[in-house]
Amino acid sequence: MSYEVNGQTVEHDEEGYITNLNDWSKELAEVIAKQEEIEMTDEHWAVVNFLRDYYEEYQIAPAVRVLIKAIKKQMGPEIGNNKYMYELFPYGPAKQACKIAGLPKPTGCV
Amino acid sequence: MEDGIKKFLYVNRKAPYGTIYALEALEVVLIGAAFDQDVSLAFLDDGVFQLTKGQNTDGIGVKNFSPTFRALGDYDVNKLYVERESLEERGLTEDDLQEIMYEDEDDDWAEKPSIRIISRAEMADLMHDQDVILSF
Amino acid sequence: MSTLHTVNKSPFSTQSLLSCINHAKDGDAILMIEDGVYGAAAGTGVASVVAEKAGAIKFYVLAPDLAARGIDTSRLLDGVEAVDYAGFVALAAEHDRAQAWL
């Protein structure tokens, strides 16, 4: 199972999370988003970039409530709230955004 | 004690990479944090090695999870008790441990250290004061 | 308020029994199970540590684990009591919490 980006093949698992975290690129993010039926906006990118930074610093993808709390602090309550996050990522902000961000599934997600 | 809130203590007594205990404990703490209980972590015996600075696992092909301890504050886990005698027996001091901070919601988000060094007697008291003890 | 501690490692390969004894409070119980039962025999290098605390702390050992390892109850340290599985359950019920020393 794999994504195709600029003629390159990127392996992913059965749920669509990429196998090698170093394979990620912005182009790949767009490809995964498309498959998830998400049109990437600045707000989507803010969440994806936050997740990547968080992973880089702490070596984990944050739980949803941690993500929302942090986005609220960084971008204000209009964006950092449960409802808006689910509008951006209907199948779950942590789960779906992590997939687009090229990170493993968040700890505790089944 | 608030209704339904129990005191949970996660006891860490193993070094980080020789066995899977330490990583498993950390994952359970992260998952368990969703249940909003009164959580503390204890580090004694070889468990104190989990918190040392400068871990680099590039050469052994396993994930370095020591940075993840610094995320615990985001999960409202901010009581990490480390036993002084266990440090001393291993030639360590507090300076050998990484800095782990949390933001205190009740004090205008002031940054405070999560690590508290306590004596063996205080550790025994801490264990005695819990509703549930989870050992790793 | 008291704790039932369980120790399941040989005291000759890990510090678990020693660490357990060092953190147990008067009135607590320590139950040796699996390879932990090697700490219950008389005449060993750790016998004096156990004997010194026996009294303030109650020591128990799980009989089926002893038998499996060929240790007769006649070789137990004074102050260490053998219990069966039902006894293990009773100890767990008697104390306010259980703490495993792995």
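For clarity, every value in this text was computed on a predicted model and none was experimentally measured. To find a chain, count down the sequence lines: A is the first, B the second, and so on, and within it residues start at 1. The basis for the numbers below is simple: all heavy atoms, side chains too, and nothing from hydrogens, waters or symmetry mates.
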Test side chain to side chain contact (heavy atoms under 4.5 Å, CB included) applied to C/V49 and C/E52, step by step = CA-CA 5 Å; C/V49 182; C/E52 192 189 317; 5.8 Å; no
Given side chain to side chain contact (heavy atoms under 4.5 Å, CB included), test C/F59 with C/L77 step by step and report yes or no.
-> CA-CA 10 Å; C/F59 285 88; C/L77 264 169; over 6 Å; no
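Within the 4.5 angstrom heavy-atom criterion, only side-chain atoms of B/Y21, from C-beta onward, approach chain C. Proximity to chain B is absent for every atom of C/T14, based on heavy atoms less than 4.5 angstrom apart. In this structure, chain C has a heavy atom under 4.5 Å from the side chain of B/E83, while its backbone stays farther away. B/R120 touches chain C through backbone and side chain together, each having a heavy atom under 4.5 Å away. Heavy atoms of B/L134 lying under 4.5 Å from chain C are absent altogether. C/A24 does not touch chain B: none of its heavy atoms, backbone or side chain, sits under 4.5 Å away. Heavy atoms closer than 4.5 Å to chain C are found in both the backbone and the side chain of B/D125. Contacts between B/V132 and chain C at a heavy-atom distance below 4.5 Å are absent for every atom of the residue.
Put simply, CG on C/D84 and CG on C/L62 are 8.0 Å apart, with the number rounded to the nearest 0.5 Å.
In this structure a side-chain-to-backbone donor-acceptor pair under 3.5 Å is missing from B/E27 to B/L23.
Between B/Y17 and B/F65, the gap from one ring centroid to the other is short of 6.0 Å.
C/W101 and C/H5 have tilted rings, their planes meeting at an angle from 30° to 60° on a 0 to 90° scale.
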